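Scope of the values below: all heavy atoms of this structure, side chains included, with no hydrogens, waters or symmetry mates. Counting starts at 1 for both ligands and their atoms, following the listed order. Predicted model only: the values in this text are computed from it and were never measured.
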Amino acid sequence: MKAVPVELSRGGHRSVVDPAMPTEGPMVDSFGRVHDDLRISVTDRCNLRCVYCMPEDGMTFLAPRSLLTFDEVVRVVAVARGLGVRAVRLTGGEPLVRRGLHRLVDRLAALDMDDISITTNGILLESAVEDLVASGLTRVNVSCDSLRPERFAAIRRRGDLDTVLTAMDAVESAGLPPVKVNVVLIRGVNDDEILDFAAFARTTGRSVRFIEFMPLDAQGAWRRDQLVPGAEVLQRIASRWPVAAVEGDDDRAPAERYRFVDGQGEIGVISSVTQPFCGTCNRLRLTADGAVRNCLFSDDELDVRAILRGGGSDDAVALVLRRAVWGKRPGHGIDDPGFLRPVRSMSMIGG
Ligand code: SAM
């Protein structure tokens, strides 16, 4: 008789694998979405305390021994590569507070990925970028929520704008494409800078991506009336500089891209709350402590660290990845009446 694979989820309950789940070919969910993009959080720690993400004091962080080692991350990614993952993004917390990150990039590059990118707050980026590029990093997203030094300091609570702007220049001097700039807009806090950021995109050639504030802050203070809908951002920019949707765009990417009709650059809107793009989601996440998650907003997690540390096989790792994908829901459900915020906040999952 063929054994039915059984595995442990975080929390320890045993579950039987759905016999309908494919065990060969690319990682696909039960709605047919193919998953080829892996977000890897390398730490839950951060050197900033952005108001929409973490409280100023009182965060508790994972013990160092809980974090996957670089060896463990590489092992998961190698298995994922065999299941069709082509792109990885390093995130956190702040990925650059993890020492020697370029050594991880080196080893990921050896797995023949199409794309190895990082999302960073930029504070430690300038001094790290040469090593990262030499190791095979292909793209950088930098978060920056204000172009006004005092406001930047108020939103991010630590760090300074100049350091971040200098780091953006350093990325491009090191030979990478223009950075993408992530801006989380909060009503009444920085939404009066939408046109300033659009002008910044036009003059620098950097794509500025306006992100809707999501209910993922550790404080649980999110309110819907604080988010600025992507449609409003677009309308405000288009009334100043006409824009057109970028043709042939990868419709699985979270940002809807728009180019300025006069040819001077582009912007993106990430309308995660008001116009979710779950129907085309191709992303899977690995938390810093080795949980595999299929969605920012779902608490369903499968434990891959236990397999790695318990002498499990690559097949067992692959089964966890496949199961995480197979169990994905059709959408994040923020608007469902029974929606509950995930237990882990953004910095604990990896944005
Ligand atoms: N520390 C890095 C950074 O600042 O880019 C990477 C991790 S951070 C969690 C990833 C992205 O998530 C950043 O662009 C950040 O602005 C965004 N983010 C954090 N909390 C958010 C929230 N509640 N809603 C929307 N975006 C959020």
>> Under the criterion side-chain contact (heavy atoms from CB on, under 4.5 Å), I'd like the reasoning laid out for Ile349 against Arg285: C-alpha separation, chi angles, the key distance, then a yes or no.
In response: CA-CA 8 Å; Ile349 302 168; Arg285 292 169 195 278; 4.0 Å; yes

>> Using the rule given for side-chain contact (heavy atoms from CB on, under 4.5 Å), can you reason through Val184 versus Glu212, listing the C-alpha separation, both sets of side-chain angles and the distance that settles it, and then say yes or no?
In response: CA-CA 6 Å; Val184 178; Glu212 289 180 351; over 6 Å; no

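Checking only distances, Pro95 never comes within under 3.5 Å of ligand 1, N or O to N or O.
Each of the following atoms of ligand 1 lies closer than 4.0 Å to a heavy atom of Asn182: 14 (O). Shown in contact with Cys53 at under 4.0 Å from a heavy atom are these atoms of ligand 1, numbered in order with element: 19 (C), 20 (N). Listed by number with element, the atoms of ligand 1 under 4.0 angstrom from any heavy atom of Thr91 are 6 (C), 7 (C). Listed by atom number, the atoms of ligand 1 under 4.0 Å from Gly93 heavy atoms are 1 (N), 2 (C), 6 (C), 7 (C). The ligand atoms of ligand 1 that sit less than 4.0 angstrom from a heavy atom of Gly92 are 7 (C), 9 (C).
Atom-to-atom distance recorded for Thr60:OG1 and Leu62:CG is 8.5 Å, nearest 0.5 angstrom.
For atom 24 (N) of ligand 1, the closest non-hydrogen atom of the protein is Met214 N, 2.9 Å. The nearest protein atom to atom 26 (N) of ligand 1, hydrogens excluded, is given as Val184 CG2, 3.5 Å; this is a heavy-atom distance. Nearest protein heavy-atom contact of atom 16 (O) of ligand 1 is Tyr52 OH, 3.0 Å.
Between the side chains of Thr69 and Asp71, not a single donor N or O lies within less than 3.5 Å of an accepting N or O. Of the N and O atoms on the side chains of Glu94 and Asn121, at least one donor lies less than 3.5 Å from an acceptor on the other residue. Using modelled atom types and a 3.5 Å distance limit, the side chains of Trp241 and Asp262 yield no donor-acceptor pair. Inspection of the Thr163 and Glu126 side chains reveals no N or O donor paired with an N or O acceptor under 3.5 Å.
Within the set Ser143, Gly122, Ala218, the minimum heavy-atom distance to atom 4 (O) of ligand 1 is found for Ser143. Heavy-atom proximity to atom 19 (C) of ligand 1, evaluated over Met346, Arg89, Arg45, is greatest for Met346. Taking only non-hydrogen atoms, the option from Met348, Glu94, Arg39 nearest to atom 2 (C) of ligand 1 is Glu94.
Contact annotation for Thr120 and ligand 1: only backbone heavy atoms (N, CA, C, O) come within less than 4.0 Å of the ligand. Of all the heavy atoms of Thr119, the ones lying under 4.0 Å from any atom of ligand 1 are found in both the backbone and the side chain.
The cationic group of Arg202 lies under 6.0 Å from the six-membered ring centre of Phe260 and within 45° of the ring axis, placing it in a cation-pi geometry.
Results of the salt bridge (Lys or Arg N to Asp or Glu O under 4.0 Å) test with Arg86 over Asp115, Asp36, Asp114 single out Asp114 as the only residue that passes.
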